[in-house]
Amino acid sequence: MNQERGRFIVFEGVGGSGKTTQIELARNFLEKKGLKVLTTREPGGVEASEKIRELIFALRDKNLIGPEGQMVLFFAARYLWLNSLVKPALTNGINVLTDRAHTSTAAYQGFAEGGDLDQILKVSEVVMEGVKPDAVILLDISPETSIKRRAAETNGDPFDKQGEDYFRRLIAGYREMAQEGWGGLKWYMVNGEGTIEEVQARISEVLTQIFEKG
Ligand code: TYD
């Protein structure tokens, strides 16, 4: 009675890249193919991690926490989320689509906030043991699009309030990670510019590739 393990797919990108909309469309696309799908987000996804999310946001908003402190808290939230939600779902053959994962810690706390990327990679190897994502789908947009789309949002996210330089570092960091396959992961860079339908079509192609690989 060997059940096939679900696939673990991370959606990545800066604020305003459209992850939250696209992840739900991706879920519909896969469910129509008869697959079992769970969508979740980081930091959060389970009650304890949502509490850590509030704490990180409050501390970061008041500039009371640097990249190392943020990293530790993001990984604490991640550890709880992986063990109570992600691992059991994957074992039960459910495909997990997540809005962000440890790849965000590399982009934000590493590239944008100046934290130590090697250290982030080492901690992720410990915390992510046995649950390495099968794919990372990066929604790539320009700094200009990110600024424009975020201006329309008010979500209380302290990272979204940072200036243009911060977002340029983030976007460059994401592109570099996708090119080098950061974390030994399989990255797919998808153009996130254009209409929701256009981006959805690009993501559906990538999902088909991922799921056809068997
Ligand atoms: P969220 O509202 O989910 O943002 P978005 O809609 O942009 O995905 O807030 C998550 C914020 O936390 C986001 O700005 C990125 C940041 N973050 C990190 O800095 N490091 C991390 O490891 C994670 C998971 C998120």
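All ligand and atom numbering here is 1-based and tracks the order in the structure.
Within ligand 1, counting atoms from 1 as listed, the ones closer than 4.0 Å to a heavy atom of T105 are 21 (C), 22 (O). Close contacts of ligand 1 with Q109, meaning ligand atoms under 4.0 Å from a residue heavy atom, involve 18 (C), 19 (O), 20 (N), 21 (C), 22 (O). Within ligand 1, counting atoms from 1 as listed, the ones closer than 4.0 Å to a heavy atom of D157 are 1 (P), 2 (O), 4 (O), 9 (O), 10 (C), 11 (C), 13 (C), 14 (O). Counting the atoms of ligand 1 from 1 in the order shown, those under 4.0 Å from a heavy atom of G15 are 7 (O).
Within the structure, the closest approach of R41 to ligand 1 does not fall below 4.0 Å when heavy atoms are considered.
Using a 3.5 Å distance cut-off with no hydrogens or angles, the side chains of E193 and S142 do pair a donor with an acceptor. At a cut-off of 3.5 Å, with distance as the only test, no side-chain donor of E113 or Y108 sits close to an acceptor on the other residue. Judged by distance alone, the side chains of T103 and W182 never bring a donor and an acceptor atom under 3.5 Å apart.
Residue, atom and distance of the protein heavy atom nearest to atom 7 (O) of ligand 1 are R100 NH2, 3.0 Å.
With a heavy-atom cut-off of 4.0 Å, F75 does not touch ligand 1 at all.
The heavy atom nearest to atom 3 (O) of ligand 1, out of those in R53, R78, K19, is found in R53. Between the choices W81, F57, F74, F159, the shortest heavy-atom distance to atom 10 (C) of ligand 1 belongs to F57.
Within the model, atoms CZ of F8 and CG of L38 stand 10.0 Å from one another, a figure rounded to the nearest 0.5 Å.
The aromatic rings of F159 and F57 lie perpendicular to each other, with more than 60° between the two planes, well past the 30° mark.
Within a 6.0 Å radius of CD in E205, no more than 12 heavy atoms belonging to other residues, nucleotides or ligands are found.
Under a cutoff of 6.0 Å and an axis angle of 45°, R7 and F211 form a cation-pi pair.
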